[in-house]
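Before any comments, here is the structure.
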Protein chains: 2
Amino acid sequence: MKIDDAAARLEALGNPTRLKIYRTLVRAGRAGMPVGRLQERLKIPASTLSHHVKALVSVGLISQVREGTTLVCHAEYDTMRGLVDFLVAECCAEEKQCKEAQTAA
Amino acid sequence: MKIDDAAARLEALGNPTRLKIYRTLVRAGRAGMPVGRLQERLKIPASTLSHHVKALVSVGLISQVREGTTLVCHAEYDTMRGLVDFLVAECCAEEKQCKEAQTAA
DNA sequence: CCGATTATTCGCCAATTCTAGAAGGATAGG
DNA sequence: CCTATCCTTCTAGAATTGGCGAATAATCGG
């Protein structure tokens, strides 16, 4: 992953509201969750939520699939895995300080 | 790690300049690197650099130790490890999709 | 104490972000 | 076609962020 892509994804997750959205979607698992249900769960105005969801989609951390009138959001696990791998690689470059994490990379 | 702390750290890393600063410090290893050397490496005005370094220090991702007139910066590996652990935990909650990463947590 | 070196803080501006109400587009049922 | 539902886009204002020159602080050698 390029450093600018990593930065963009970190920035997307670096907002408490968006991080909560993402976490909720991860916990929803493969089934995903419609925007409307995210809204009742997180108590966020629709326009604000849509704004944040769009930001997460634009960096590839989540995706959306339409089902009738509802838009179901899914966490994109591969993207997150790539991001974690990037952090682990940065964290452990040259010096082997993050041994536990390194075994994962 | 609390979700707001994680968000603050992700936000700190979510700026290309700051991510480069952090990466440079990680690669400098335990010896760390003075602010001045970061400046020549990254070609950033001193005031801008100091601004970003302060942001990274404030969330605990790096620390500074004075040595005479120079301030040596060090990556705080434990903080990064905690952040990666948080992401892995979020990423793999409920569904076991991030198996490689999970083995690290 | 003085000057040199190193880094931070101040002040300012442009640009972006966050938030959210209001309006608009997409889809389905009747 | 009309209406309801669901979500996005538009619009706008407050707040924050990023960037950087200039001024200020901290430290050391002499």
Side-chain angles (χ1 to χ4, degrees), chain A residues 3-25 28 31-76, chain B residues 3-25 28 31-76:
Chain A
I3 193 166
D4 284 356
D5 291 334
R9 283 160 187 163
L10 289 166
E11 184 186 32
L13 291 174
N15 171 282
T17 301
R18 281 195 298 269
L19 190 51
K20 281 164 194 160
I21 291 169
Y22 181 78
R23 183 177 62 170
T24 304
L25 287 177
M33 188 179 288
V35 176
R37 212 140 108 68
L38 275 173
Q39 192 187 344
E40 17 179 87
R41 279 277 184 93
L42 301 173
K43 314 288 188 192
I44 306 172
S47 61
T48 303
L49 177 59
S50 185
H51 182 72
H52 285 308
V53 165
K54 187 180 175 186
L56 287 167
V57 169
S58 76
V59 298
L61 278 165
I62 73 178
S63 62
Q64 291 178 302
V65 176
R66 180 169 285 281
E67 288 184 13
T69 57
T70 74
L71 258 181
V72 182
C73 305
H74 301 266
E76 284 292 322
Chain B
I3 193 166
D4 284 355
D5 291 334
R9 283 160 187 162
L10 290 166
E11 185 187 32
L13 291 174
N15 171 280
T17 302
R18 282 196 296 269
L19 189 51
K20 281 165 195 159
I21 291 169
Y22 182 77
R23 182 177 63 169
T24 304
L25 287 176
M33 188 179 289
V35 176
R37 212 141 109 66
L38 275 172
Q39 194 187 340
E40 19 179 86
R41 279 276 186 91
L42 302 174
K43 315 287 187 193
I44 307 171
S47 60
T48 302
L49 177 59
S50 186
H51 182 73
H52 285 309
V53 165
K54 187 179 173 185
L56 288 167
V57 169
S58 77
V59 298
L61 278 165
I62 72 177
S63 61
Q64 291 179 301
V65 175
R66 182 168 283 282
E67 288 184 13
T69 57
T70 75
L71 257 181
V72 182
C73 304
H74 302 265
E76 284 291 324

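Remark: A:Arg23 engages B:Glu90 in a salt bridge (Lys or Arg N to Asp or Glu O under 4.0 Å) (not counting sequence neighbours).
Looking at B:Thr48, its side chain has no donor and acceptor atom pair within 3.5 Å of the base of D:dG18.
Of the possible polar contacts, one joining the A:Arg9 side chain to the A:Val59 backbone as a donor-acceptor pair under 3.5 Å is found. Looking at A:Thr48, its side chain never comes within 3.5 Å of a backbone N or O of A:Ile44 through a donor-acceptor pair. A distance-only check finds a donor-acceptor pair linking the side chain of A:Arg18 to the backbone of A:Ala12 [under 3.5 Å].
With a 4.5 Å cut-off on side-chain heavy atoms, B:Thr70 and B:Val35 do not count as touching. Residues B:Leu49 and B:Leu38 are in side-chain contact: their nearest non-hydrogen atoms beyond the backbone lie under 4.5 Å apart. Contact of the B:Glu40 side chain with the B:Arg37 side chain is registered, since non-hydrogen atoms from C-beta on lie closer than 4.5 Å. A 4.5 Å side-chain heavy-atom check between B:Val53 and B:Cys73 finds at least one atom pair inside the cut-off. A:His74 places none of its side-chain heavy atoms less than 4.5 Å from the side chain of A:Met33.
Residues of residues 50-58 of chain A having a heavy atom closer than 4.0 Å to DNA chain D, listed by number: A:Ser50, A:Lys54. Taking a 4.0 Å limit (strictly below) on heavy-atom distances, residues 64-73 of chain A reaches DNA chain C at A:Arg66, A:Gly68, A:Thr69.
Residue B:Arg37 is out of contact with every strand shown, counting any heavy-atom pair closer than 4.0 Å.
Rounded to an integer number of Å, the gap from CD1 of A:Ile21 to P of D:dT8 is 11 Å. A:Arg18 has its CZ atom 12 Å from the C1' atom of C:dT19, to the nearest Å. Taking atom CD of A:Glu11 as the reference point, atom P of C:dA15 lies 18 Å away to the nearest angstrom. For the pair B:Leu13 CG and D:dT17 P, the computed distance is 15 Å after rounding to whole Å. Rounded to whole Å, the distance from CG on A:Leu10 to C1' on D:dT17 is 17 Å. Here C:dT6 presents its C1' atom at 12 Å from CD of B:Glu40, a figure rounded to the nearest Å. Protein atom CD1 of B:Ile44 is 14 Å distant from nucleotide atom C1' of C:dA7, rounded to whole Å.
Between B:Asn15 and D:dG18, a side-chain N or O to OP1/OP2 separation shorter than 4.0 Å is present.
Along DNA chain C, the nucleotide nearest to B:Gln39 and the one nearest to A:Gly14 differ in position, and the one closer to the 5' end is contacted by B:Gln39.
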